[in-house]
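The structure appears below as structure tokens.
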Amino acid sequence: MWIFKSTEPFSREPVIEREEPYKWEPIWHSWMSRAVSIHACYQRRCIKQLTARAIIRLRVACARYDSPIVRSYGGHYFSWEQAAWIDALRATKPLSEPGSSIALAALITAASECAASPGHTAQPFQPTPRAIRFIGEAWSRDAVTRTKERFVFLSNSFARRRGRSLVEDANVFAASLGKGDVVFVDPPYSGVHYSRYYHVLKTIARGGCKR
């Protein structure tokens, strides 16, 4: 049976394997200290006025970087600042569990909230006169603050009863359920290939992408 404890009404991130809170503060400060050192190595790219021409120039500049998020998504889904912080945080995340998984989940969630796209990190907004304001709104979101908020929230969330997650045929699994089992099944409901929506988050999860 999967039972989740939630302390926030907006939660979308169930915790099913950890049965106690995680002491996040020393881990966060250590993680942030490492990330600051990495972030300081980047050459800062700022846009004084958000225009189509400025965004195109930013995309060209970001494509010259070696770090995966800045190179692939800077100027598209993320501002330079957001992309650089996501790269820095991903490169320095905690190595030991459960801190490593909590940190990665927090970073992926924060990135999805900052992405300048209509949802599910689908195609990014293009710098058209109508869409520029939406790009500006998305790029104004603080990726570090949102990562910390999610890190704290997930650290303080835990399962009252340990559960597990599976990847398999939903129909086959449903046939094995018994009375009283509680499950969340998320199969694809259409013929749309989901990978085109989640490649940004997949890159963060993997720490890189194929060029």
Side-chain angles (χ1 to χ4, degrees), residues 11-14 31 35 38-39 42 45 47 50 52 55-95 100-128 130-151 154 165-170 184-211:
S11 171
R12 302 186 305 276
E13 305 88 11
W31 181 20
I38 295 295
H39 186 268
Y42 287 89
R45 303 280 181 177
I47 294 181
L50 200 63
I55 292 172
I56 297 301
R57 286 201 300 265
L58 177 63
R59 291 178 176 181
V60 171
C62 287
R64 299 193 183 106
Y65 281 77
D66 291 328
S67 50
I69 303 302
V70 173
R71 181 186 68 228
S72 301
Y73 306 121
H76 295 275
Y77 291 95
F78 305 113
S79 67
W80 177 90
E81 187 78 9
Q82 290 171 328
W85 274 117
I86 293 170
D87 267 327
L89 288 165
R90 179 61 180 84
T92 58
K93 77 177 183 67
L95 297 178
S100 181
S101 294
I102 296 172
L104 187 55
L107 184 58
I108 290 171
T109 304
S112 71
E113 294 173 350
C114 292
S117 63
H120 291 299
T121 55
Q123 295 300 314
F125 292 124
Q126 296 305 312
T128 63
R130 292 184 61 183
I132 279 183
R133 77 177 182 90
F134 296 110
I135 295 175
E137 288 172 2
W139 287 5
S140 69
R141 297 166 192 159
D142 190 322
V144 175
T145 297
R146 288 174 183 258
T147 300
K148 181 181 180 180
E149 290 173 350
R150 291 304 179 213
F151 189 70
L154 289 171
S165 60
L166 301 170
V167 180
E168 62 178 277
D169 188 298
F184 174 80
V185 183
D186 186 25
Y189 293 104
S190 71
V192 176
H193 200 300
Y194 275 34
S195 64
R196 71 187 181 95
Y197 295 117
Y198 296 108
H199 58 95
V200 179
L201 306 185
K202 189 175 181 180
T203 298
I204 298 172
R206 289 184 170 182
C209 61
K210 294 181 179 180
R211 305 184 77 169

So, taking the atom named CD1 in I102 and the one named CG in L107, what distance separates them when rounded to the nearest 0.5 Å? 13.5 Å
Any side-chain heavy atom of P124 within less than 4.5 Å of one from Q126? yes
Minimal heavy-atom distance between C62 and W80, with the atoms involved, is SG-CD1, 4.0 Å
CD (E81) and OG (S140) are apart, to the nearest 0.5 Å, by 12.5 Å
What closest approach, in Å, do C114 and Q82 show between heavy atoms, and which atom pair accounts for it? CB-NE2, 3.6 Å
Any donor-acceptor N/O pair, R90 side chain to A205 backbone, under 3.5 Å: yes
Rounded to the nearest 0.5 Å, what separation is found between the CH2 atom of W85 and the OG atom of S79? 12.0 Å
Might you point out which heavy atoms bring A52 and P127 nearest each other, and give the distance in Å? CB-O, 3.4 Å
Can you find a heavy atom in the side chain of I204 that is under 4.5 Å from one in the side chain of Y73? no
Distance in Å, R150 CZ paired with I108 CD1, rounded so as to fall on 0.5 Å steps: 13.0 Å
Sub-4.5 Å side-chain heavy-atom contact between R141 and E113: no
Identify the two heavy atoms, one from A111 and one from I86, that lie closest to each other, and give their separation to 0.1 Å. CB-CD1, 3.9 Å
So do the side chains of L95 and S100 get within less than 4.5 Å of each other, counting heavy atoms only? no
Qualifying residues under side-chain hydrogen bond (donor to acceptor under 3.5 Å, both in side chains), relative to S67, sequence neighbours excluded: Y42, D87
In short, A110 meets A143 closest at the heavy-atom pair CB-O, 4.0 Å
Which atom of G208 lies closest to which atom of P68, heavy atoms considered: CA-CB, 4.0 Å
State, with a plain yes or no, whether a side-chain heavy atom of W31 is found less than 4.5 Å away from one of T147. yes
Could you tell me the separation between the CG atom of L50 and the CH2 atom of W139, rounded to the nearest 0.5 Å? 6.0 Å
